[in-house]
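Take a look at the structure below.
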Amino acid sequence: MRVIALSGVLVVLTAGTLWAHASEQGFVLLLPTDAYIAAGGATVAVTIVLLALLPGGLAAALFRPVAVLATRGVTLRHLISVLAALSLGVLVWRGLNGSRDPLVNPMPLFVWVVWWIAMVSAQGLICNHWRWSNPWTGPAAMIGRLTGMRAPLRYPRRLGVWPGVVVFLAYAGFLLADPAPADPGRLAVIVGLYWYVTLAGLLVFGPAWMVRAEPLTVLMRAYGRMSLLGRARGRLAIGVPGWKVLCGPKEGLGLAVFILLMLGSGSFDGLNETFWWMGILGINPLEFPGRSAVIVPNLVGLLVANAALIAGFTGCLWLGERIAGGTEPLARVFCRYAPTILPIALAYHIAHYLTSLLVDGQYVLKALNDPLGRGADLLGLADYHVTTGFLNTPDTVKMIWLAQAGTVVAGHVIAILLAHAVAMQHIHSTRRAVLGQAPLALFMVLYTVFGLWLLASPRGA
């Protein structure tokens with residue numbers, strides 16, 4: 001089963017040579033990618049077939065964690081959070097008073113590269129660092145200790161995660177449709193105000209505000225269930241990505257919808273840059289009129305893409321439940337299987353932003369070399385020049401695209417294995433579990449093909 005989980009990467013790596021597109025660099029493929037897309041889809045399909053033939057308990061065994069060592073509570077957690085808040089304050093100050101160039105000012109670099117790309121990816125791949133690195137829990141604990149203040153109100157349980165869903169959609173809309181999401185001054189104002197509003201919510205409603213109404217924490221906690229490291233029975237444990245989904249509590253409908261939005265918004269983030277989307281809008285990608293010209297189409301597209309994904313996912317679950325002869329309410333089935341989408345969402349996030357990390361990460365190093373903009377040379381990089389030369393070399397471009405494609409296929413394979421393990425927890429019949437999963441499995445195969453097409457599609461601005 002571990003070989004199956006890695007087979008997607010193997011098949012993609014054994015395909016032939018091509019020029020590739022990655023992230024936002026505007027590459028156009030010079031050779032067909034049909035073989036790559038077919039290989040990725042076939043790998044996922046073969047995984048499904050093998051699950052139907054192998055004993056049902058193997059999928060659950062694959063996700064069984066291995067305890068490594070006993071752990072104790074970390075007393076420095078709030079201190080690290082306070083340091084994160086102070087660092088954020090410095091970034092906001094630099095955003096308001098530093099260079100207006102988003103590739104020089106550290107504010108947009110740290111928000112969009114360090115946090116949105118690197119820290120989110122590390123949260124999903126390695127461990128739940130957000131418990132320490134978020135910039136709110138430490139300051140709130142410090143205020144509570146100094147003033148003796150306790151949260152005066154109780155967060156309304158009936159609201160659930162729905163406030164976080166709404167704010168996350170607003171965040172995705174800002175990222176995709178705002179004319180200048182990387183403008184240092186505007187970003188500093190937005191981030192600073194958001195920090196104060198979130199801190200106020202935490203002080204008024206307590207920790208429930210963070211885990212239900214604050215979308216960044218909801219997102220990071222969701223991705224944290226994909227990480228290799230975690231705690232199991234009071235011990236540090238390691239397992240195949242997704243093992244915490246099987247050990248975690250039952251999801252509510254709001255969080256299940258939130259997880260689907262993570263995938264849908266990430267997918268549209270790639271789709272809205274393609275020549276295909278610009279053709280739908282009647283725009284020549286070589287004469288792009290600017291982001292302000294596509295604000296409304298991108299916002300509408302974001303909502304439609306998410307609605308279509310939720311409808312398709314729900315339809316496949318409904319059909320699978322009917323085929324398997326189940327009688328459970330559709331909402332309960334939706335909540336059960338929504339977390340199995342997390343491997344796909346994380347894979348798309350990593351693949352989509354890989355090239356941005358490789359290029360903009362160099363600007364981050366330059367910013368760290370002189371964090372206050374006073375001519376310092378802390379890392380000895382004063383004479384270093386950011387390069388994109390590796391994007392003009394066939395071998396390195398091929399390596400980047402293969403890494404992206406392998407990540408996408410591996411994410412889909414893990415998602416199918418995880419969905420099968422979830423099914424076996426509730427349906428103690430391999431035949432019924434496979435029958436019930438058939439529509440969802442077909443959905444994942446088609447989404448694999450779609451994801452690889454997104455990576456291979458030429459893009460505009």
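The analysis underlying the following values was restricted to heavy atoms, covering all of them including side chains, and did not include hydrogens, waters or symmetry mates.
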When the aromatic ring centroids of [X] and [Y] are compared, is their separation below 6.0 Å?
{"X": "H349", "Y": "W116", "answer": "yes"}
{"X": "Y171", "Y": "F174", "answer": "no"}
{"X": "Y348", "Y": "H412", "answer": "yes"}

Return the minimal non-hydrogen interatomic distance between [X] and [Y], and the atom names on each side.
{"X": "M226", "Y": "L342", "result": "CG-CB, 3.7 Å"}
{"X": "M107", "Y": "L187", "result": "CE-O, 4.1 Å"}
{"X": "W195", "Y": "P135", "result": "NE1-O, 2.8 Å"}
{"X": "F450", "Y": "S267", "result": "CE2-CB, 4.1 Å"}
{"X": "L440", "Y": "A419", "result": "CD2-CB, 4.3 Å"}
{"X": "K244", "Y": "G230", "result": "NZ-CA, 3.9 Å"}

For this session: Kindly indicate, with the supporting measurements, whether the criterion ring pair (Phe, Tyr, Trp, His ring centres under 6.0 Å) is fulfilled by W162 and F258.
Result: CA-CA 8 Å; W162 293 109; F258 190 100; 9.9 Å; no
Exercise. Which is it for L263 and Y447 under the side-chain contact (heavy atoms from CB on, under 4.5 Å) test, yes or no, and what are the steps along the way?
Worked result: CA-CA 11 Å; L263 174 59; Y447 217 95; 3.9 Å; yes
Exercise. Does a side chain donor of either Y194 or E214 reach within less than 3.5 Å of an acceptor in the other side chain?
Worked result: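 Side-chain D/A pair, Y194 to E214: present.
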Exercise. Taking atom types as modelled and ignoring hydrogens, do the side chains of D360 and W112 form a donor-acceptor contact shorter than 3.5 angstrom?
Worked result: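 There is no such pair (donor and acceptor under 3.5 Å, judged by atom type) between the side chains of D360 and W112.
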Out of curiosity, [X] [atom1] to [Y] [atom2], how far, rounded to the nearest 0.5 Å?
{"X": "I80", "Y": "S87", "atom1": "CD1", "atom2": "OG", "answer": "11.5 Å"}
{"X": "T340", "Y": "L417", "atom1": "OG1", "atom2": "CG", "answer": "11.0 Å"}
{"X": "C335", "Y": "L253", "atom1": "SG", "atom2": "CG", "answer": "4.5 Å"}
{"X": "I280", "Y": "W277", "atom1": "CD1", "atom2": "CH2", "answer": "7.5 Å"}
{"X": "F288", "Y": "E273", "atom1": "CZ", "atom2": "CD", "answer": "9.5 Å"}
{"X": "L176", "Y": "I295", "atom1": "CG", "atom2": "CD1", "answer": "12.0 Å"}

Exercise. Got more than 12 heavy atoms from elsewhere within 6.0 Å of CZ, R186?
Worked result: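 Yes, enclosed.
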Problem set entry | Within 6.0 angstrom of M149 CE, more than 12 heavy atoms from elsewhere |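 Correct, the count exceeds 12.
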Side-chain contact, heavy-atom cut-off 4.5 Å: [X] with [Y]?
{"X": "S265", "Y": "L302", "result": "yes"}
{"X": "L91", "Y": "V111", "result": "no"}
{"X": "M119", "Y": "H129", "result": "yes"}
{"X": "S133", "Y": "W115", "result": "no"}
{"X": "W130", "Y": "T217", "result": "yes"}
{"X": "I414", "Y": "F63", "result": "yes"}

For this session: Apply the side chain to side chain contact (heavy atoms under 4.5 Å, CB included) test between R221 and each candidate in L255, L216, V211; give the one that qualifies.
Result: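 Of the listed options, the one satisfying the test is V211.
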For this session: Run the numbers on H420 and Q437 for side-chain contact (heavy atoms from CB on, under 4.5 Å), then give the verdict.
Result: CA-CA 7 Å; H420 187 71; Q437 277 189 277; 2.7 Å; yes
Exercise. Can you check side chain to side chain donor-acceptor pair (under 3.5 Å) on S81 and W136, steps first, answer last?
Worked result: CA-CA 7 Å; S81 176; W136 292 292; over 6 Å; no
For this session: Report the C-alpha distance between L261 and L169 in whole Å, list the side-chain angles of each, state the deciding distance to 0.1 Å, and finish with yes or no for side-chain contact (heavy atoms from CB on, under 4.5 Å).
Result: CA-CA 8 Å; L261 293 179; L169 278 175; 4.1 Å; yes
For this session: Take L418 and L246 through the test side-chain contact (heavy atoms from CB on, under 4.5 Å) and record every step on the way to the result.
Result: CA-CA 8 Å; L418 186 58; L246 299 178; 3.9 Å; yes
In residues 309-325, what donor-acceptor pairs under 3.5 Å come from side-chain atoms, sequence neighbours left out?
from: T314; atom 1: OG1; to: I310; atom 2: O; distance (Å): 2.7
from: E321; atom 1: OE2; to: E328; atom 2: N; distance (Å): 3.4
from: R322; atom 1: NH2; to: G326; atom 2: O; distance (Å): 3.2

